[in-house]
Amino acid sequence: MSDDILARLMAVLESRKDADPETSYVASLYHEGLDAILEKISEESAETIVAAKSGDKKQIVYETADLWFHCLVLLAQQNLTAQQVLDELNRRFGLSGIVEKAARQK
């Protein structure tokens, strides 16, 4: 189920690459470039942190959705896919986080 919504979102994000920035929020982010996308990720990350500190579960979900969405915009802008991230998470599944981190530092 989660793979389906991610695939659908990625398809929409891809389709917005050629859209008019005047009529599409995502197209406007692509048009503004990487720094604008990264700025949105930073902003949404901070808002997610504030929501978590407040303990408002509904707001945490809302802000996390915004954060994930903008991360997906970044992936699409970089010609990457959500599936690549899911594959990486799958690769790590069952590995100790300590062991996995140590392997990356070699």
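Placement of Tyr62 and Val50 in two distinct hydrophobic clusters is found when ILVMFWY residues are connected by side-chain heavy-atom separations under 4.5 Å, directly or transitively. Taken together through direct or relayed side-chain contacts under 4.5 Å among Ile, Leu, Val, Met, Phe, Trp and Tyr, Ile49 and Phe69 form parts of separate hydrophobic clusters. Leu80 and Leu72 fall within a single hydrophobic cluster, where Ile, Leu, Val, Met, Phe, Trp and Tyr side chains are chained together by heavy-atom contacts under 4.5 Å. One hydrophobic cluster, built from ILVMFWY side chains closer than 4.5 Å, cannot hold both Val61 and Leu6; they sit in different ones. One hydrophobic cluster, built from ILVMFWY side chains closer than 4.5 Å, cannot hold both Val85 and Val12; they sit in different ones.
Residues forming a side chain to side chain donor-acceptor pair (under 3.5 Å) with Thr81 (at least two apart in sequence, or on another chain): Gln84.
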Practice item. Take Arg92 and Glu88 through the side chain to side chain contact (heavy atoms under 4.5 Å, CB included) test and state the conclusion after the steps. Key: CA-CA 6 Å; Arg92 294 180 189 184; Glu88 176 60 17; 2.9 Å; yes

Check your understanding: Can you check side chain to side chain contact (heavy atoms under 4.5 Å, CB included) on Lys40 and Val73, steps first, answer last?
Key -> CA-CA 10 Å; Lys40 283 304 294 182; Val73 171; over 6 Å; no

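Pairing each heavy atom of Ala27 with each of Ala19, the nearest pair is CB-O, 3.5 Å. Nearest heavy atom pair, residue Leu67 against residue Glu44, reads CA-CB, 3.7 Å. The heavy-atom pair separating Gln77 from Tyr30 by the smallest distance is CB-CE2, 3.8 Å. Of all the heavy atoms in Lys17 and Ala76, the pair that sits closest is NZ-O, 2.7 Å.
For the side chain to side chain contact (heavy atoms under 4.5 Å, CB included) with His70, the qualifying choice from Val26, Ile37, Leu29 is Leu29, the only one to do so.
Looking at Thr48, its side chain does come within 3.5 Å of a backbone N or O of Glu63 through a donor-acceptor pair. Checked by atom type and distance alone, the side chain of Thr23 pairs as donor or acceptor with a backbone atom of Asp20 at under 3.5 Å. Checked by atom type and distance alone, the side chain of Thr64 pairs as donor or acceptor with a backbone atom of Ile60 at under 3.5 Å. A donor-acceptor pair is defined here as one N or O able to donate and one able to accept, closer than 3.5 Å; no such pair exists between the side chain of Ser45 and the backbone of Ser42.
Between the CG atom of Leu9 and the CG atom of Asp4 there is a distance of 9.5 Å, given to the nearest 0.5 Å.
Shown here is Glu39, whose CD atom has no more than 12 heavy atoms of other residues, nucleotides or ligands within 6.0 Å.
The pair Arg91-Asp87 does not count as a salt bridge, with every side-chain nitrogen at least 4.0 angstrom from each carboxylate oxygen.
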